[in-house]
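Below you'll find the structure, written out as structure tokens, and then a few comments.
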Number of protein chains: 2
Amino acid sequence: HHHHFSHHQQTRRISVNALQPSDTFPRRHNSATKEEQSKMAESCGFDSLDSLIDATVPKSIRLNEFAFSKFDGGLTEGQMIEHMKDLASKNKVFKSFIGMGYYNTHVPPVILRNIMENPAWYTQYTPYQAEISQGRLESLLNFQTMITDLTGLPMSNASLLDEGTAAAEAMSMCNNIQKGKKKTFLIASNCHPQTIDICKTRAAGFDLEVTTVNLKDIDYSKGDVCGVLVQYPGTEGEILDYGEFIKKAHAHGVKVVMASDLLALTVLKPPGELGADIVVGSAQRFGVPMGYGGPHAAFLATSQEYKRMMPGRIIGVSVDSSGKQALRMAMQTREQHIRRDKATSNICTAQALLANMAAMFAVYHGPEGLKTIAQRVHGLAGVFAVGLKKLGVEVQDLPFFDTVKVKVSNAHAVADAAVKHGVNLRVVDGNTITVAFDETTALEDVDTLFKVFAGGKPVSFTAASLAPEVESAIPSGLTRESPYLTHPIFNTYHTEHELLRYIHRLQSKDLSLCHSMIPLGSCTMKLNATTEMMPVTWPSFTDIHPFAPTEQAQGYQEMFNNLGDLLCTITGFDSFSLQPNAGAAGEYAGLMVIRAYHLARGDHHRNVCIIPVSAHGTNPASAAMCGMKIVSVGTDAKGNINIPELRKAAETHKDNLSALMVTYPSTHGVYEEGIDEICKIIHDNGGQVYMDGANMNAQVGLTSPGWIGADVCHLNLHKTFCIPHGGGGPGMGPIGVKKHLAPFLPSHPVVPTGGIPAPANSQPLGTISAAPWGSALILPISYTYIAMMGSKGLTDASKIAILNANYMAKRLENHYPVLFRGVNGTVAHEFIIDLRGFKNTAGIEPEDVAKRLMDYGFHGPTMSWPVPGTLMIEPTESESKAELDRFCDALISIREEIAEIEKGKADVNNNVLKGAPHPPSLLMGDAWTKPYSREYAAFPAPWLRVAKFWPTTGRVDNVYGDRNLICTLQPATQVAEEQAAATA
Amino acid sequence: HHHHFSHHQQTRRISVNALQPSDTFPRRHNSATKEEQSKMAESCGFDSLDSLIDATVPKSIRLNEFAFSKFDGGLTEGQMIEHMKDLASKNKVFKSFIGMGYYNTHVPPVILRNIMENPAWYTQYTPYQAEISQGRLESLLNFQTMITDLTGLPMSNASLLDEGTAAAEAMSMCNNIQKGKKKTFLIASNCHPQTIDICKTRAAGFDLEVTTVNLKDIDYSKGDVCGVLVQYPGTEGEILDYGEFIKKAHAHGVKVVMASDLLALTVLKPPGELGADIVVGSAQRFGVPMGYGGPHAAFLATSQEYKRMMPGRIIGVSVDSSGKQALRMAMQTREQHIRRDKATSNICTAQALLANMAAMFAVYHGPEGLKTIAQRVHGLAGVFAVGLKKLGVEVQDLPFFDTVKVKVSNAHAVADAAVKHGVNLRVVDGNTITVAFDETTALEDVDTLFKVFAGGKPVSFTAASLAPEVESAIPSGLTRESPYLTHPIFNTYHTEHELLRYIHRLQSKDLSLCHSMIPLGSCTMKLNATTEMMPVTWPSFTDIHPFAPTEQAQGYQEMFNNLGDLLCTITGFDSFSLQPNAGAAGEYAGLMVIRAYHLARGDHHRNVCIIPVSAHGTNPASAAMCGMKIVSVGTDAKGNINIPELRKAAETHKDNLSALMVTYPSTHGVYEEGIDEICKIIHDNGGQVYMDGANMNAQVGLTSPGWIGADVCHLNLHKTFCIPHGGGGPGMGPIGVKKHLAPFLPSHPVVPTGGIPAPANSQPLGTISAAPWGSALILPISYTYIAMMGSKGLTDASKIAILNANYMAKRLENHYPVLFRGVNGTVAHEFIIDLRGFKNTAGIEPEDVAKRLMDYGFHGPTMSWPVPGTLMIEPTESESKAELDRFCDALISIREEIAEIEKGKADVNNNVLKGAPHPPSLLMGDAWTKPYSREYAAFPAPWLRVAKFWPTTGRVDNVYGDRNLICTLQPATQVAEEQAAATA
Ligand SMILES: Cc1ncc(COP(=O)(O)O)c(C=O)c1O
Ligand SMILES: Cc1ncc(COP(=O)(O)O)c(C=O)c1O
Ligand SMILES: O=C([O-])O
């Protein structure tokens, strides 16, 4: 019938391969196609990518095989999401009343979607380049202002890793304030157990003695106490008036650190008014999900007096080249990358993204809104306490904010009954339970609790019916009277439209990976793929308390186990700890493992740590924090560790040698040929090899720390393994170890943990982070990355990362000297271009090039590290050839701009580099006094005509800001005056 | 023991109210606080908001009570999400092999997160203001290029509502091409049943006769056939060669419309090469989720010859004031808002957001990637067919692409067995099943199907094992040979980073609600809250086929029923149809209900529709499409309908009166006092009252269409009920009716539907949309809005919307005449400012003001509608006083700029308004020849110094573009030349 529709079968055959799922991931992550790979390798003088790799990675350390027992072929994006859904279904979200520093919170959806799920916020780098970071700098200044307002102390940093480590940082500040002369630090027993354990662990390296004391038993008479840590409200809920206590401490020259709670501080007299010297805590419950432990932003506030001793990044107000207000990071000389082994903190990556979320939570609710939430939480706790008394249950008689302490005959039985109602309680001891309320608690939840505590007996009242009987439990003397969050920013953006636009207004000022490549050497700013990010905001991952029974977190546990296995395969190690929540925390943890190992063998004296001069500043800082003596070794002209010098150092210190810290490939971007020899020298002299895994992106699938000979290493999951940088955190720094070190991996006082896979026996070094598995919520990112890439995809990633770096080095070498290379003339996954010559020929410094790059729409490479006067470029495998070319074009064009100065055609002091960056306000000014043209300043490359990212300020004056230090929002009137002046 | 920690209980008591959940929604949506409400009312001369409302909304139509039987108090955001999760859990996601125009697809996560879940894309308005819309204009041009490339026809529009209505639009084009002289339209029986029914329904109004025919039975001899619709591949999968068929049709002067499938067209000879005149279809399977029926972008392509007859919006290339390429909407004179009752299509809101997603899908995969997917889908279908033959099942012997037709003894039994395996099949008839494969099908799914069809018998092979035996089923004569998607845009952005940046680059050019208020009169650009948007991308809502058994969609069904009830309460109607998927589709559906009602009563002659001259263009267009005769009535000086004229018209036509279409409050922004009289006049003369619900934002909770006296009305859920505008769609236009009209509400040929709540009996008018409940996926937005606001929140929204409009009118009235007001001097929720005077005094037109507003960071109000020479401003309730003030400040400042011209201080032809907008390229140009300063052009208001949105082009030349019509991407070489020229 259909004869007029003629057709002929074809005989093309189908291959099974062609029927495999089509949503494969590696081609979305790795940029270069096969064709491009060949072309680019050829341009570097090699006939194929593989021969470039062979010439680059020393044969002696190349892996023979690399395969996973799971996910080896790589899951597709669809399969990955299915797998994560399966894991998610194995997590059971119970209502948590556990408290202990972690509370459920309503993440405002507008913040969830527009910050936490928004690549324009989560792919930003730490705001070192202030002119293209004014948005998050403002948000972090909001954070600092929120912290100073609520704590009543004038200085805050822009976040720390968690409450426990913040307390440890405060302890170390006390030690420093007392110039290391008073070696006892007291911790009140009403602090969270994880806080206590972290401080105890941390104290070891500072040679401090930490004693846990009952407040009433404190005795300062020996004069050896540098500081004391108390908690307000206490871990079991009580609110104590520390006024007299602090006076007494001060009278004995003892500094007082208070751990506190931001929500409580909206209704409680602030620690600053009580006289506290330092206040620490977590901003988690300000709209950041619990996430089974993190990431969250911790805070640390102190007085002006101690500001230069504060750890972490601090945002400050300064001015730009036109004299207009502009923000930037302040007092950078305090930081570990400058102070190295003189540093007393190693914090680098912090929790910027989460600090931004918490600050926006305060912006959205405003002071009144926050107080309303606090009063509600307090009211629910009060209703609960009244109800329990009615049920005949004994309730602790001290005032409380949100946590009620209860005596029962069998605490475990009550907790088990609660679990049957889908509720988790904290069992303090066999007879004690605490119940902590939060923003998400409803009256019906209180009714459920009544049922639990009534133990089957009928309850003759409801929470609602009790409410009118309930009175505030906060003592009048401790009621907050001072205002807070009075700045207009906290009193304006209370509707969703207003907050949405505020978030977008800030966002529009910041350059992120959504705009262009961010080729920061040593930072590995690669693709943070959406599929990787999706599970991070699923409720079955976000809404679990870190101390929930592990049976309720089987999805997480399965992922930890799988991830541990995968990381072991990748690194050649035997066991992993997922506890350290940043790279530097991993360094510290790894060195503490080595320390514990030596101690366990009776080698108490082994405390020398050899560190090459080229090491990242966190390395010496971490070693110092472990009480190690740092011995530096130099590098040779090729950038390699000076092996004779190393051998001499090792031999000299052989009786006391603890460890070598080595970065591989080196921070100079070279695969040192002598790495196996280096490891051997250390081992031969009784030391352990600590490898800094920051450069793992050049190793995965090609070689591994374990294979090379290291004993322990940390991984920056926020570099090689795709956790986005979040504008300065979160990160994760798990550590892997060889078998002999596995017993010493950290544990946790509330939820015992250890190596994954678990070693036969365990002698944990202590506790590193507040949560058992660090920032568990972001582990799905690295996990999905590895699972989707599979072993081949990952190996290709390493190869292409190396290819991309070599391709760029090749394109740039005729314009800029490339500083270090391997034996065959290639570089690793990053390389250094040398700008030192331009200082003489043109008065140009690296900063000028970095700022001018902004005019081209780019974030500058790593500046003057590891070698002053240079730029270190790391393209990663996720950048396309087109993007690499665009960046090279920009640098080459800038080189021509420098040549104009060299030739005398441009003024050495007043040229397009010194004038950079050029914000619109300047470019559109009626007056134009520059010796170069506006268009030359604004549109130096053709692609900028199609779309251009605009820096929002002129060059920011760092010196001015540090001389006139302001680290909080200025009063509205002052800003208004400035604005008026600016637009007059 | 704690005596040194003194504390005193306070006696502040807790109220139950204070213990209610704190994440309430209305205060996030409605802008004005109580305090602001009073202040703003006072500034309008009223002592309170309520007295302003009393003075504004006529007493006679005020509701006495307004309460919901469900959600009356409003859910909090947290409760809402819980409720939606509960509904989601009642939807069961089965694997769909149903086909029929809906296929599962992998939405690329980078597109999901950065477009579908990104307010910067979904809150954009239709790109009428080209200079701040170049991003989505480019994306829509990509869409058009993709359609023209794949169909092989040179002209495409930028989306239609769905495949079925696109076919109906094509039918109407055929009618027009033949000048209405050939009144038969043939539809091949191999078209989807919903397509056939929509065309049949639509034909009635055009007086066309639609006949469904077997292709072999076609007879053109009567010469009355205007066109014929065939499907390629057919609904049951067969691929026919239409070459000869089309020649024959053309020989008889018959136009050929082909419904086709984009994925198939990557491997099949394109319809254009076969000679088709028009091609229609759906772009759904290009990365847009099925969503239980929509929203998806349909397409329509045709030849140059018929371009001026094309329905819908068309993007075209033009130049800006500096002669640089710039995009804008082309040939707007074709559209209904210009042609009114001469229009042959009423399409207005289309599916821009989904067209963008589909275009980005093609950009991401590129031509090779798309072909790979197509070949894979085809291969899986081939494997299935081979397997079935091996199982002894009869498989249709015609070539197929993705759908295999199978004969079985009991189709229902097989389908039931499939359901037990979590699989849905299409039952064509008792002995026929079709199985359609898609991008998400895996080899294992084919194995499952083998199990189903083996009926319990063991299967001795697997899909994988069969693959090598399988040959392509596509006849060589129909294999695609011509290239497609050759433009670089489709061959560049294939990694996630590249696509991410492309999406963000386009986004950065477009102003959206993320930047500032978009006060478009009649468009109600209000907050699209995140909580409302979240369920829209949950898999249990996205991944359901519209024809899946309703038992699998109980969550959806429950929501439909609740929503129907809520909308009935809001409108005062008795039953709702959720089928129309845009406002204009609702108008058409509502008028068709009236038509059916008259017909059912034997009133065949009732075909006169009275429409005020001030009505939106879609009203007369819709009425014309129903075959009605339009009688216009004028308005009086106050903007009210001229009642005597109306009465006269009604009486004159009383024997033939079908309906009145009336917008309330009027399109002039006034609550007409005579509205009850108007309704009475119509009813007295045998007509029905159709109310255009576009202005429902001024009614909800205060009055209602049903209460006022209307018989039917449509709601633009994308206005009053928070579905975002998506840059020109999606929308939803459900209609509500009084009891007597309920039986006539539309049904659906595949899944019978009708009014919600269901009327006692039903005589459906036919089918309006391709899916039974229209764009079901976006209904959660309106549903959650209503449920979170509760009756009081919604009423407050209406009041504040009115307040905001009056506040602005008051602020502006000393600077611009406010054109119409109610009896007490107030305006409704929007108002008109009159610019006509400036034409004489300063040579200024509304366009100049709208373009200059861009320099102030704003999207202009509705221009020259409903009154030429005016601007209509609608602030909505979601805009804060601060934002209203900023907008007023901008307009007042512009008024001063006009005054400068009036005073002769500025040149009448060369001033800051005529020169607007001012893009950076112009402002930073080395040459500046304007008589005003750069800063005056760029920073006319202080807030612009803090953050400014930059227009990316100078004023776009509409006339040039229409004279030199280009509606696809230009070849790369040409663009390169232009870029080179631009940067030379
Ligand atoms: C080589 C090296 N080691 C360690 C670190 C510290 O890691 P983190 O910032 O995660 O603490 C960095 C950070 O840039 C680094 O580059
Ligand atoms: C008064 C009025 N009626 C009808 C419509 C058409 O609605 P839609 O664009 O959803 O088809 C509009 C759209 O702006 C309108 O303003
Ligand atoms: O396009 C309009 O919505 O009028």
Side-chain angles (χ1 to χ4, degrees), chain A residues 1 4-8 10-14 16 18-19 21-23 28 31 78 106 109-110 113 216 240-241 244 373 376 379-380 382 399 442-443 464 467 470-472 474-476 495-498 500 504-505 514 527 529-531 878 880 923-924 926 933-935 938 942 945 947 982-983, chain B residues 1 4-8 10-14 16 18-19 21-23 28 31 78 106 109-110 113 216 240-241 244 373 376 379-380 382 399 442-443 464 467 470-472 474-476 495-498 500 504-505 514 527 529-531 878 880 923-924 926 933-935 938 942 945 947 982-983:
Chain A
H1 277 355
H4 59 292
F5 301 109
S6 65
H7 51 79
H8 304 278
Q10 270 183 305
T11 52
R12 214 162 9 81
R13 301 208 164 247
I14 311 280
V16 185
L19 301 182
S22 56
D23 56 329
R28 302 305 190 183
S31 62
H106 289 300
V110 58
R113 173 160 288 193
K216 59 176 169 21
L240 307 179
D241 184 341
E244 292 303 318
I373 293 170
R376 183 177 169 275
L380 289 167
L443 280 165
V470 178
E471 292 171 0
S472 168
I474 296 171
S476 58
T495 66
E496 183 163 336
H497 253 168
E498 286 292 325
L500 175 73
H504 276 262
R505 199 149 71 238
C514 296
L527 173 69
T530 313
T531 300
S878 300
S880 67
L923 291 163
M924 296 172 187
D926 290 335
S933 85
R934 296 178 197 250
E935 297 204 13
R945 296 279 180 178
T983 54
Chain B
H1 279 349
H4 59 291
F5 301 109
S6 64
H7 51 78
H8 305 278
Q10 272 183 302
T11 53
R12 212 160 16 77
R13 301 205 165 252
I14 312 278
V16 186
L19 301 182
S22 57
D23 56 328
R28 303 306 191 184
S31 62
H106 289 300
V110 60
R113 174 160 286 194
K216 60 176 167 25
L240 306 180
D241 184 340
E244 292 303 318
I373 293 170
R376 183 176 169 275
L380 289 166
L443 280 165
V470 178
E471 291 170 2
S472 168
I474 296 171
S476 57
T495 66
E496 184 164 335
H497 253 168
E498 287 291 324
L500 175 73
H504 277 262
R505 199 150 69 238
C514 297
L527 173 70
T530 313
T531 300
S878 299
S880 67
L923 291 163
M924 297 173 186
D926 290 334
S933 87
R934 294 178 198 251
E935 297 203 13
R945 296 281 179 177
T983 56

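So you know, we letter chains A, B, ... as the sequences are listed, proteins then strands, and number each from 1. Note that the structure is a prediction, hence the values are computed from the model and not measured.
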Which atoms of Glu935(A) approach chain B - backbone, side chain, both or neither, heavy atom under 4.5 Å = both
Identify which of [options] forms the greatest number of heavy-atom pairs closer than 4.5 Å to chain A.
{"options": "Val110(B), Leu380(B), Leu527(B), Asp23(B)", "answer": "Leu527(B)"}
{"options": "Ala529(B), Gly379(B), Cys514(B)", "answer": "Cys514(B)"}
{"options": "Glu498(B), Arg505(B), Arg376(B)", "answer": "Arg376(B)"}
{"options": "Gly382(B), Ala442(B), Ser933(B)", "answer": "Ser933(B)"}
{"options": "Leu923(B), Leu19(B), Thr531(B)", "answer": "Leu19(B)"}

Atom group of His106(B) that falls short of 4.5 Å from chain A, counting heavy atoms = side chain
Pick from Pro21(A), Gly78(A), Ala947(A): which one has the most heavy-atom pairs with chain B under 4.5 Å?
-> Pro21(A)
Could you check which of Pro109(A), Ser31(A), Ala938(A) has the highest count of heavy-atom pairs closer than 4.5 Å to chain B?
-> Pro109(A)
Partners of Ala18(A) by side chain to side chain contact (heavy atoms under 4.5 Å, CB included), sequence neighbours excluded?
-> Ser15(A)
For Arg934(B), the side chain to side chain contact (heavy atoms under 4.5 Å, CB included) test, sequence neighbours excluded, returns Asp926(A), Arg934(A), Trp928(B)
Determine yes or no for a side-chain-to-main-chain donor-acceptor pair under 3.5 angstrom, with Arg28(B) supplying the side chain and Thr495(A) the backbone.
-> no
Tightest non-hydrogen contact, residues Val16(B) and Ala467(A), listed as CG2-CB, 3.5 Å
